[in-house]
Amino acid sequence: MNKDVCIGIIGGGASGTLTAIQLLQKLNVPAQIYLIEKRREATFRGNAYSSQLEYEPLNVQAGRMSLYNTQPDDFFNWLKNNKQVGSEIEITKDSFVSRRWFGDYLTERITEAVKQSPHARLTTVTDEANEINFDAKDENYQLVLKSGRIINADYLIFATGNEAPADVFNPGEIAGLNGHYVSNPWAINPLDRIKSDEDVLVIGTGLTMVDHVVSLQKRGHRGKIFCFSRNGYLPLSHVEIPRHYALPLNKEERSLTGIFSEIRKHVTEDAQKNIPWQNTMDAMRGNMSAMWKLLSMDAKKYFLKRLRNFWEIHRHRMPVVSASIINGLIQDGQLQIFSGTSKGIEVIGHDVLFRFIDKREKQERAVTVQRIINCTGPSGDYYKTGNTLVKNLLAKAWMKQDELKLGIVTGERGEIIKSNGLPLKNAFAIGPLRKATEWETTAIREIRVQAEETAKYISAQIEAAQTILV
Ligand SMILES: Cc1cc2nc3c(=O)[nH]c(=O)nc-3n(C[C@H](O)[C@H](O)[C@H](O)COP(=O)(O)OP(=O)(O)OC[C@H]3O[C@@H](n4cnc5c(N)ncnc54)[C@H](O)[C@@H]3O)c2cc1C
């Protein structure tokens with residue numbers, strides 16, 4: 001008798017959950033799916049949608065956050081049915097609603113998928129996958145969990161998500177920082193130990209900074225807040241009422257100059273029709289992965305070194321409400337943004353002295369704070385990862401860090417590519433791990449397509465194998 005096919009999904013965030021939903025819906029043969037998530041509170045939510053911050057809006061409008069490509073209003077309709085009653089403001093497709101609500105939506109959709117699945121079963125496991133071996137006799141993988149439990153799987157889905165930010169200070173400095181330092185802003189309640197009159201330094205000036213600074217403001221923070229990054233750029237703001245349309249770009253364009261001049265042309269043409277550049281950017285989004293893939297390695301390096309920061313503040317924007325709170329804090333003098341090069345920190349009693357070369361003033365300056373929060377964004381340097389599983393798989397050459405330190409090497413279908421260039425059998429990545437290949441891969445809009453295509457492919461493989469056996 002054939003045993004049921006087993007699929008092990010590592011990571012229970014949006015990527016892992018969405019892939020499980022798609023597998024539950026698509027598998028036409030008996031199958032067992034294991035969803036392994038090391039943090040109980042992150043099951044069906046991951047880092048982004050389990051946030052406990054006071055201020056944690058989605059960075060994307062509700063009307064663009066459906067889990068399904070073919071049902072674009074699914075999240076909006078769910079919101080109307082589940083969250084509109086009792087809400088002070090009317091929820092529209094352009095609302096930036098709570099990330100926790102999105103986690104509720106994911107949880108409800110997977111619960112339904114489990115009930116409705118004709119053939120597949122889902123088991124959630126709260127544990128950390130630390131190692132994977134291949135059992136040559138049974139021809140399947142053995143997932144070794146931190147508890148010692150072993151799960152056998154014929155297929156592997158790596159949905160381990162965003163790496164925690166890399167530390168900006170060296171280990172000796174961090175050791176001295178003791179309780180002054182929040183190393184991972186996506187940990188549970190990262191602001192809890194910060195007293196309202198303490199001065200805070202936030203390293204990083206992107207969207208994670210915005211959520212943390214606005215959360216401090218919502219807690220009634222009275223101390224000063226300094227934000228620091230190399231360039232000091234803040235994310236730009238969304239527009240109040242966006243328009244949704246698609247702009248085809250020349251997908252054969254291989255040069256950065258060509259791509260940017262085409263983007264500029266569209267922005268100028270739209271501006272003449274009173275369409276803000278934010279809409280033009282969103283309209284071109286569907287082309288970005290295809291264009292990234294055509295760029296030469298040199299062009300990618302140039303983009304990352306010279307243009308990335310400029311690109312990111314246009315692409316990853318903050319909701320209008322967040323922008324107005326941040327601007328208000330700057331005008332009141334409570335929030336100051338600095339740019340330059342860090343010269344390190346010194347702990348003096350209860351204070352921390354942060355020294356840096358100010359980019360604008362071109363001279364050394366220092367600020368004294370009591371707390372530091374690391375909001376530098378996900379690290380792409382997997383050789384420095386704190387994730388034991390990824391570390392082990394890199395060490396045994398089953399995974400390979402990409403040359404640009406954006407993610408791991410994956411194939412066209414998300415297959416994990418080993419150091420020898422061959423695919424790891426029946427193993428796929430979903431979401432942020434694919435950044436090197438796809439560039440645009442961290443948002444729900446891309447993840448939902450990857451999850452659906454991977455589930456379709458695996459289901460077809462399984463069915464084909466069973467047909468041969470029959
Ligand atoms: C703060 C924040 C806000 C965002 N807002 C938006 C938004 O508004 N719209 C949008 O489209 N995208 C947004 N994103 C992008 C986000 O990356 C994706 O939407 C999505 O959440 C990524 O999900 P994931 O499952 O790939 O990663 P994660 O959410 O990082 O989940 C990965 C999970 O894997 C678990 N894990 C890792 N290794 C192991 C292991 N070895 N064993 C067991 N478990 C493991 C982790 O504990 C984690 O829970 C946001 C991201 C962040 C960080």
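Each ligand, and each atom within it, is numbered from 1 in the order the structure gives.
When hydrogens are left out, the protein atom nearest atom 18 (C) of ligand 1 is Thr442 O, 2.8 Å; that is the closest non-hydrogen contact. Of all protein heavy atoms, the one lying nearest to atom 44 (N) of ligand 1 is Lys38 N, 3.2 Å. When hydrogens are left out, the protein atom nearest atom 49 (O) of ligand 1 is Glu37 OE1, 2.7 Å; that is the closest non-hydrogen contact. Among protein heavy atoms, atom 42 (N) of ligand 1 sits closest to Ala129 N, 3.0 Å. What sits closest to atom 19 (O) of ligand 1 on the protein, heavy atoms only, is Tyr49 OH, 2.6 Å. Annotation: atom 11 (O) of ligand 1 to nearest protein heavy atom, Ile444 N, 2.9 Å. Ranking protein heavy atoms by distance to atom 24 (P) of ligand 1, first place goes to Ser15 OG, 3.4 Å. Atom 52 (C) of ligand 1 has its closest protein heavy atom at Ala48 CB, 3.7 Å.
Residues Glu440 and Arg315 are paired through a salt bridge, judged by an N-O separation under 4.0 Å between the basic side chain and the carboxylate. The pair Glu37-Arg45 does not count as a salt bridge, with every side-chain nitrogen at least 4.0 angstrom from each carboxylate oxygen.
Residues forming a side-chain contact (heavy atoms from CB on, under 4.5 Å) with Thr437 (at least two apart in sequence, or on another chain): Lys293, Thr410.
Here Asn426 contributes atom CG and Phe134 contributes atom CZ; the two are 8.0 Å apart, rounded to the nearest 0.5 Å.
Contact annotation: Met65 has at least one heavy atom less than 4.0 Å from an atom of ligand 1. Within the structure, the closest approach of Ile10 to ligand 1 falls below 4.0 Å when heavy atoms are considered. At least one heavy atom of Asp127 sits less than 4.0 Å from an atom of ligand 1. Residue contacts with ligand 1: Ile447 is included, with a non-hydrogen atom under 4.0 Å away. Within the 4.0 Å heavy-atom shell around ligand 1 one does not find Arg64.
Scanning Asn59, Thr441, Leu143 for the heavy atom closest to atom 5 (N) of ligand 1 points to Asn59.
Taking the ring centre of Trp439 as origin, the terminal cationic atom of Lys435 falls inside the region bounded by 6.0 Å and 45° from the ring axis.
The number of heavy atoms from other shown groups lying within 6.0 Å of NZ (Lys93) does not exceed 12.
In this structure, a donor-acceptor pair under 3.5 Å is present between the side chains of Thr376 and Asn374. No hydrogens or angles considered: a donor-acceptor pair under 3.5 Å links the side chains of Thr123 and Gln32. In the model, Asn82 has no side-chain atom that pairs as donor or acceptor with a side-chain atom of Tyr105 under 3.5 Å.
For ligand 1, none of its N or O atoms has an N or O atom of Trp186 under 3.5 Å away.
Here the closest heavy-atom approach between residue Gln401 and residue Leu394 is recorded as N-CD2, 3.6 Å.
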